[in-house]
Amino acid sequence: MAAFDVAGVSFTYPNGTAALRDVTVAAAGPAVIGLIGRNGSGKTTFARHLNGLLRPSRGRVLLDGADTAGRTTAALARTVAYAFQNPDNQIFHRTVGEEVAFGPRNLGYPASGVEARVAEALEMLGLAPLRQQHPRDLVFSHRKLVALASVVAMDTPVVVLDEPTTGQDWEGVGRIERLVRDLAVRGKLVLLITHDMDLAARTCGRIWLFADGRLAADGVPADVFADTARLAAAWVEPPEIMRLAAPPASPRPRSPSRRRSIA
Amino acid sequence: MAVAAACEDYTFWYEGTSVPALASVTVAIEAGTFVGIVGRNASGKSTLCYSLAGLVPNFYHGRWTGRVLLFGEDAADLGLAGAVTRVGFVFHNPESQLSGTSLTVREEIAFGLGNLGLAPSEIAARTDETLALLGLRDLAARSPYALSGGQQQLVVLASVLAMRPRMLVLDEPTSELDPVGTAEVFALLARLKAAGTTLVVAEHKSALLAQHADRLLWIDGGRLRADGTPAQVFGAVGPADGVALPAPTAVARGLAARGRWTGPLPVRLEQLVEGLPHGRI
Amino acid sequence: MASPDQGLAAYVPRPTWLDAASPFTKLIWLGCAVVWAVAIPSPPALAALAAATAALAPLAQVGRPFAVMLWKIALPLLVALALVQGFLVYGFGYALLQGLRLLVVMETAFLFVLTTHPAKLVASLLARRLPNTVGYVVLATLQSVPMLQRRAATILDAQRARGLEVEGGLVTRLRAYLPLIAPLVLSALSEVDERALALETRAFSVPGPKTHLDPPREAPSDRAARWLLAAATLALVPLRVLVWR
């Protein structure tokens, strides 16, 4: 079970923008945590500290008890796999299978271990039939799934998904939801950075709301999304379904999880 | 009502392909209306957008049967210049749509007007008018690259509107934007609609689209599978069709399956609440 | 090099004579610099020309960005050139000559880019009835460098996050750049696609003369400057034949 512990982390970009201000939070798997907040709120900056893509200006990031300082991103990739938003920024192999194998190979798994992880990742994302295809021959949403598979195949305890459903249609969103649940079932700690509040409400057990570089809220979706004042101050709209829970005509508010039993 | 754009039994194949991207599409877009397009990825939504903007076949080449009429003229006969001066087009990536030649938002909006060869005084007048109309005066002197995604997309819209197109086609304009940016874009679209602009918008955010569009077109596998009010189209869409239903619609469909909802499907929350017996589920 | 605020251009607006000179004049200057660099066979003369050109930077108030471009672009290129040509092929004397030639051209190019507003450059070219495709190529070239830089940084991050080691010895770092090339080229190509579409929607290909919100002004000093540049270039002919062999 992976744990990370972020203590008093602040981060300022070279051009002077303070992107994170004194953030302290900890988490352990298995769990699915949603990171929400408007662009510039610090959620992505925060996530990039977990695998050393960014280093704190102040404060400390501990991964499994050890400080991330002094370890390269590639070394930290053993623990934290980070899936970037644009698949075309990473795909460079000639087949889907080779692309998905890149990550586990870098981590030093033996050939059999690589093969097992690749097969499993392809299965989880429904990509097994496309294994021999050239990624560039696939449509964008499938290339996105290939990029996700290549990160999932690294079989790390922590997985960060950076806006995985941008540009996806309803089916694609469903596939990613299933992926997130499968990862949690396998004991992973999943961090889901997303603008899709309904997705966050459906899949996350915990929500971190970022605003102005600070962690403005940390709780279960029902609580975080019910705090309409705090959401509004953070320029975040609650999930569509929450608005069903509090219209003037309805006698009792209902939480998103209870809504599932109606439909 | 006048027809702004129409497809007449239109089938289109991109160059070098054997499967048509659009098949036998017949639809008429009336002037002054807001028409939304929904459908899964690779359904033909973008091709339909390009066709209604005349970019197919004048920019993206291929072969076709049937025809597309833009303000009464065949789009293929208009050529690229004719198409872009009649129909404005905006797509999902705000940064790629910035010309890269402008240091300020004002210059960015003026870019298209300079390309049209208008006199500098006319360019200045129209730029100021557009900035005022869209409420972007505060951003006029800022670099387009220093803006948020939502603001950039507003600048892109302004740059296209300054050219005074007769119709505006938008292909997933908010897919790269955060909710704030999305709200800004849709607020602008609402104002344009109120001012009588003809709008065609393809989106995955069907709930938001349904709140603004008078009419929805559902494209799937290149075919027009449904054409009607949002309630009608959402009624036709199935769970595996790749189209998200607004929450009130999904709830009502669930209720209808249990025999506890009759009548047209709600698209808005108020419609759902009104239709619930005794105001409770 | 280019701050996010400047986006795609390296242009630094300054109220100097070099900035105010018409883009066309500066383009002529760049062309002349190439001719001079190729025609002059003497390293000391080239060094003097390079020094004189570099001296223009502080005079045009772009000293700092100029130095940054020298450091980040010119220096690595020249070092690579010296290694290849000096060690492996032709000997150091030749490498020095070629290096100085390249330096003169690069310095002029840097000054050109730093003091020329890209839109005004394109407008002045298109006003001279240059075909649209040429104008587009100029635009695309101006746009591409900072864009590729930013994209390369993102791609590198994405690959590092998949366990690609980029920190360490020279060999490790060189090998790390391989997974960069394909995504960089491909994403550059698809972005070019999108940009081409965007330019079309702004009537870039609509026939007819193009204008600009703030058209570039031709001053009498511009014509004089162009004559001077032409004269200096022509003066090289006797110099080359008689003085330098």
Side-chain angles (χ1 to χ4, degrees), chain A residues 13-17 44 47-48 50-54 70-94 98-109 114 134-136 140 143 147 149-156 158-162, chain C residues 1-10 12 64-65 67-68 71-72 144 146-197:
Chain A
Y13 279 102
N15 68 358
T17 320
T44 311
R48 297 205 172 173
L50 296 177
N51 69 342
L53 284 172
L54 294 175
R71 288 192 277 164
T72 65
T73 299
L76 293 168
R78 256 165 228 297
T79 314
V80 178
Y82 192 114
F84 274 65
Q85 205 177 334
N86 186 349
D88 295 331
N89 279 341
Q90 62 181 81
I91 293 178
F92 70 102
H93 291 86
R94 271 180 290 198
E98 277 168 36
E99 185 66 38
V100 175
F102 181 67
R105 279 208 196 108
N106 284 335
L107 294 184
Y109 287 110
V114 170
H134 198 307
R136 257 186 284 134
F140 180 80
R143 293 204 301 277
S150 71
V151 162
V152 164
M154 289 162 69
D155 198 17
T156 51
V158 181
V159 179
V160 179
L161 303 177
D162 193 345
Chain C
M1 191 173 90
S3 75
D5 265 7
Q6 289 168 348
L8 304 186
V12 178
R64 190 129 200 268
V68 169
W71 177 252
K72 286 196 170 171
S144 63
M147 180 264 280
L148 287 173
Q149 274 188 309
R150 279 200 315 249
R151 196 54 85 92
T154 309
I155 294 171
L156 203 57
D157 276 350
Q159 309 296 31
R160 281 164 69 200
R162 293 159 83 197
L164 179 75
E165 196 54 81
V166 302
E167 290 147 75
L170 188 65
V171 177
T172 315
R173 272 184 291 176
L174 283 174
R175 237 191 300 149
Y177 286 98
L178 285 174
L180 216 69
I181 301 168
L184 193 62
V185 170
L186 289 172
S187 61
L189 287 176
S190 80
E191 201 164 313
V192 162
D193 238 6
E194 288 189 342
R195 287 188 190 284
L197 176 62

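Order of the sequence lines fixes the chain letters, A, B, ..., with proteins taken first and strands second; residue numbering starts at 1 for each chain. Heavy-atom basis, side chains included; hydrogens, waters and symmetry copies ignored.
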*Passes side-chain contact (heavy atoms from CB on, under 4.5 Å), A/Thr156 versus A/Thr79? Steps please.*
CA-CA 5 Å; A/Thr156 51; A/Thr79 314; 5.8 Å; no

*Can you say whether A/Tyr82 sits under 4.5 Å from chain C via the side chain, the backbone, both, or neither, judging by heavy atoms?*
both

_For A/Val100 versus A/Ala149, what's the shortest heavy-atom pair and its separation?_
CG1-O, 3.7 Å

*asked:* Looking at every non-hydrogen atom in both residues, tell me the closest pair between C/Arg162 and A/Ala77 and how far apart they are.
replied: C-CB, 4.4 Å

_Part of C/Leu186 within contact of chain A (heavy atom distance under 4.5 Å)_ = side chain

*Side chain, backbone, both or neither of A/Arg136 within contact of chain C (heavy atoms, under 4.5 Å)*: side chain

*Give the member of A/Val80, A/Asn106, A/Leu107, A/Asn86 that has the highest number of heavy-atom pairs under 4.5 Å with chain C.*
A/Asn106

*Quick one: closest heavy-atom pair of A/Gln90 and C/Ala158, and the distance?*
CB-CB, 4.1 Å

*Out of A/Thr72, A/Asp88, A/Asn51, which one racks up the most heavy-atom pairs below 4.5 Å with chain C?*
A/Thr72

*Could you go step by step and tell me if A/Arg143 and A/Glu99 meet the salt bridge (charged side-chain N to carboxylate O under 4.0 Å, His left out) rule?*
CA-CA 11 Å; A/Arg143 293 204 301 277; A/Glu99 185 66 38; over 6 Å; no

